[in-house]
Protein chains: 2
Amino acid sequence: MAELSERQKLLLTLIVHEHTRTALPIGSKSMVQGYNLPFSSATIRNELATMTEMGYLRQPHTSAGRVPTEEGYRFFVSNLVQQTNLPANTRNTISHQFYQSPQGLENWLKLAASVLAKQSQAASIVTAPHTQNVALKHLELLSTRAAQVLMVLVLVGGEIRQRIFNLDEATSQERLSQIASRVNARYQGSTAQQISAETEEEDPLELSVLSHLRDEMERSGNLLTGAVYLDGLTNVLAEPEFAQSEQALSPMRLLEERTLLNDVISRTVMTEAVGGVQVLIGGEGTWEELRDCSVILTRYGIPDQITGTIGVLGPMRMPYGHTISTVRYVGGLLSDLVSDTLAE
Amino acid sequence: MAELSERQKLLLTLIVHEHTRTALPIGSKSMVQGYNLPFSSATIRNELATMTEMGYLRQPHTSAGRVPTEEGYRFFVSNLVQQTNLPANTRNTISHQFYQSPQGLENWLKLAASVLAKQSQAASIVTAPHTQNVALKHLELLSTRAAQVLMVLVLVGGEIRQRIFNLDEATSQERLSQIASRVNARYQGSTAQQISAETEEEDPLELSVLSHLRDEMERSGNLLTGAVYLDGLTNVLAEPEFAQSEQALSPMRLLEERTLLNDVISRTVMTEAVGGVQVLIGGEGTWEELRDCSVILTRYGIPDQITGTIGVLGPMRMPYGHTISTVRYVGGLLSDLVSDTLAE
DNA sequence: AATTAGCACTCTCGTTGTGAGAGTGCTAAT
DNA sequence: ATTAGCACTCTCACAACGAGAGTGCTAATT
C-alpha cells in the first residue's frame, strides 16, 4: 500500500467529508471553489487520477466526480479521522438520560440503543451483557406440576435465567426447596467449572438439578443467549443509498437474522481495534450483505467477567469521527453502570 | 351501504384475488378472458362503473383497470372471504415445529413470530403474554449491596419479573430472606389486589417490600411491560408497493415504535372480531402510518388470566383468507401451549 | 519539475416527444 | 338487460436532445 502525500491526504479527507454530507460524487472544480484551495482544479485532477489508480477513489462513471472506495474509507478511518471527544453538552445530554432513566439493566440497554440510533442517525445494535465464568448467586427451584420444575437462577451480576425441566419422578416443593438450599449453601459463589469439579453428590435428584444448573450457567458463553436490542432501523431506510428498497434489503435482513448478526459481531469483535472501537467497512470481503454498509462496534462491561457489545450499522458514507466517539462514549457509560451494579 | 348483487360480489372477489396475485389494476377485458366469464367486457364495465361509484373500487387513473379500495377490502373480508381452515399438511408442518422446539415460552414466541412471518410473507408481531390478576407464586429477595435489593418475582403462570430497589437502610441477607419467607407464607396465591387489601403490617421494611411487590405485580396490566417479538420485516420491504423506501418508512416506523404499536394493538383488540380474529384495513382513518397496510390480530392465552397478542402486518393487498386462517391457527397453538404450561 | 490554463470530449440527468397497449365510457343495435 | 363497436384517454417504454458537470490531455508558465 503506497503512501499518500500530505496533499493527497487532505484531498481524501475533503472528499470523505463532503461526500458524507451530500452523498454525491465530488469533482475537482467544486472542491477548489468550495474550500478555497491553493491549487488549481487541474492539479487536483492529477492527484485524483493517481489516487483513483491506487484504489482509494472511484468514479461512478467516466466524467463524474470521485467517491471514496472501501479502501479509501479504511485509510481515512485508520489514519485521518480525528479522534475528537464528544462535545461536552452532547455528553451531558446523553449521560443525563441514563441517570434519569428507571434503574435496571434492561432499561439501560434499551436506552443505549435509542441514544445510539438517534445520535448516529443509523441503526443501533445492543446485545445484553453475558457473563463469562460468573458465579452463582442464588438458585430457586419451584414445582410447577408433577415432575416439572421451574429453575430460577440469579448470577452474581444480577443476571437472571430461568429454565423449565422435568425430573425423573414427581417431587414435592419441600423436597425441591431442600435441594435448592443445599445447593445454595455449597455452591454459592462458584462458577460452572467449579461446580463441575466439586460435584460429588449421590442423590440422583440433586445430580439432575446440578447438571441443569451447570448447563444453564455455561450457556452464558453463547452469544445467542442474550437479548439483542435494535433501534433506528428506519434511519437506514431513510438514507439515499437505500432509496430503492432492494438495496436496503440486505442490511435489514442482516439485522433481522440473529445468526448472521451474531456472526458479524463475534468475528468483528475478535479483531484488533483502535481505541477499543472496531470499524468494519463494507463487509471487508466477507459479508456480501454489508457491501454498502459500515458497522462500528465496541465491547462494554467488565472484561472477562460480564461483557456485551454495542454499535451501529449505517451506510458506508458515515460521519465516522462522530459515530466512533458516540459509540465509545455510550460504551463507557454502560460499562460504568454495569460495574456499579456489580460492585458489592 | 348499498347491497351488492351476486354478480358484483363475484366481480369484487375476482378483482381482489387477481390483484393480490399480481399487484396490478384489473381491467374488464383481462377479467373476462382470464376467467371465462359468461358476460361480455362491456357488461363488466358497467358493473365496475357502479361499484366504483359506490366506493368499493378505484381507478389509479382514468383508463386504467380497477383496484379494490379500503372499503372494497373491508366488504370482501366481512362478507366474501371464505373461512377455510389451513390445509392439513400446513397445519402439521407448523405444529410439528412447535413440538420440536425447545420448551419454554420465549422459544415458542420466537417460533410463532417466525412461522407467521414465513407463512404470511409479511411482518409478524407477537407480544409476550401478560398476566391479568395473576397470583404470586414465589418471592425472592437478594441483597446486592448496602441498601440495594434485587427482587425476583415468580407469578403463577411461570412469568418472572425482577426489580432492583433501595431500602431506607442497609439490610442483611438474613433479614431479607426472613421477610421473603414471611411474605411467601402469607401472600402466596394472592393477587395484587388481595395483597393491598390484606396488608396490615407494621414493619416498615416489610411494608416497603410489599409496596414494591404490588407495584411490580400491577405493572402486568401494562402492555408495554411485555416483550414484543417481530419477524419478517424484510418481507414487507420486498413488496412492490413499498419499492421506494419512502413508502415503507411508515409501517417500519410503526413496527419500531413500541408505543405506536401498542396503541394499534390495544385499540384494535378491543373491537369486535370475526371468529376471534381482528382485521384492521388501511388504518381505518385512525392511523396515517397504516394507509396502505392491513393488520390481522388475535389474542391467545387464557382469557382474563394470561393473554397476549399475535398477528401480522402486511400490505393491504394481502391473501386475507390464508393469513386469517394462519393467525387463527398459530394463536390456537400458542393458547394450548400456554394452558398446558399453566395447568397444575 | 511541478503547476496551470485551455480545450475537446464524455456521461448523466431532466425534459420532451412518440407510438403501442390497455382500458374506459358511451351509443346504438340486439 | 346485454353487447358490439368506436373514439378517447392515460401510462409506459424508448429515443432524442441539450445543459451541466467533470474528465484527461497538451502546451504554456512558474
Side-chain angles (χ1 to χ4, degrees), chain A residues 2-12 14-16 18-19 21-69 72 240-241 243-244 247, chain B residues 3-12 14-16 18-19 21-69 72 240-241 243-244:
Chain A
E3 256 322 305
L4 292 180
S5 72
E6 285 309 310
R7 187 163 67 191
Q8 287 171 328
K9 290 181 185 173
L10 171 64
L11 292 178
L12 181 55
L14 291 186
I15 288 183
V16 168
E18 201 61 14
H19 183 61
R21 229 171 41 80
T22 63
L24 296 170
I26 320 297
S28 56
K29 213 154 190 174
S30 66
M31 286 182 77
V32 70
Q33 78 176 139
Y35 285 92
N36 270 89
L37 298 182
F39 8 85
S40 76
S41 66
T43 313
I44 297 185
R45 272 203 291 287
N46 288 329
E47 295 283 40
L48 297 188
T50 69
M51 289 168 74
T52 306
E53 194 83 358
M54 294 163 79
Y56 293 120
L57 298 177
R58 190 173 59 84
Q59 301 182 263
H61 37 264
T62 333
S63 94
R66 302 306 210 283
V67 163
T69 59
E241 34 268 87
Q244 48 266 25
Q247 304 286 351
Chain B
E3 259 321 307
L4 291 180
S5 72
E6 286 307 310
R7 188 164 65 190
Q8 286 171 328
K9 289 182 185 173
L10 172 64
L11 291 178
L12 181 56
L14 291 186
I15 289 184
V16 168
E18 201 62 12
H19 183 62
R21 228 171 40 82
T22 63
L24 296 169
I26 319 297
S28 56
K29 211 155 192 175
S30 67
M31 287 182 76
V32 70
Q33 80 176 136
Y35 286 93
N36 270 87
L37 298 182
F39 7 89
S40 77
S41 65
T43 314
I44 296 185
R45 272 202 291 285
N46 288 329
E47 296 283 38
L48 297 190
T50 68
M51 289 168 74
T52 307
E53 195 82 0
M54 294 162 80
Y56 293 121
L57 297 177
R58 189 172 60 84
Q59 302 182 261
H61 37 264
T62 333
S63 93
R66 302 305 210 284
V67 163
T69 60
E241 34 268 88
Q244 48 266 25

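FYI, side chains are in, hydrogens and waters are out, and symmetry mates aren't considered; it's all heavy atoms of this structure. First the proteins, then the strands, lettered A, B, ... as listed; each starts at 1.
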Pairwise 5' ranking along DNA chain C for B:T52 and A:R7, keeping only the more 5' one
A:R7

Quick check: do B:T43 and B:L37 have side-chain heavy atoms less than 4.5 Å from each other?
no

If you define the side chain from C-beta out and look only at heavy atoms, does anything of B:T50 sit under 4.5 Å from B:Q8?
yes

By the Watson-Crick or G-U definition, both distances under 3.5 Å, D:dT29 is matched with C:dA2

Heavy atoms, side chains only, cut-off 4.5 Å: are B:E3 and B:M54 in contact?
no

May I ask you to check whether B:E18 and B:Y35 show a side-chain donor-acceptor distance below 3.5 Å?
yes

Per the under-4.0 Å heavy-atom filter, residues of residues 29-41 of chain B near DNA chain D come out as B:F39, B:S40

Decide if atom NZ of A:K9 counts as having more than 12 heavy atoms of other residues, nucleotides or ligands within a radius under 6.0 Å.
yes

Can you name the one residue among B:R66, B:E47, B:R58 that meets side-chain hydrogen bond (donor to acceptor under 3.5 Å, both in side chains) with B:T52?
B:R66

Has B:T69 got a side-chain atom pairing as donor or acceptor with B:G55's backbone, closer than 3.5 angstrom?
yes

Quick check for you: name the first and last nucleotides of DNA chain C, 5' to 3', having an atom under 4.0 Å from a heavy atom of chain A.
C:dT3 to C:dT12

Find which nucleotide of DNA chain C each of B:N46 and B:A64 is nearest to by heavy atoms, and output the residue with the more 5' nucleotide.
B:A64

Minimum heavy-atom separation for B:V67 to B:P25, with atom names?
CG2-CA, 3.7 Å

Provide the Watson-Crick or G-U wobble partner of C:dT30, both distances under 3.5 Å; none if there is no partner.
D:dA1

Does D:dG18 pair with anything, Watson-Crick or G-U wobble, both distances under 3.5 Å, and if so, with which nucleotide?
C:dC13

Once you apply the 3.5 Å cut-off to both distances, tell me the Watson-Crick or G-U wobble partner of C:dG25, or none.
D:dC6

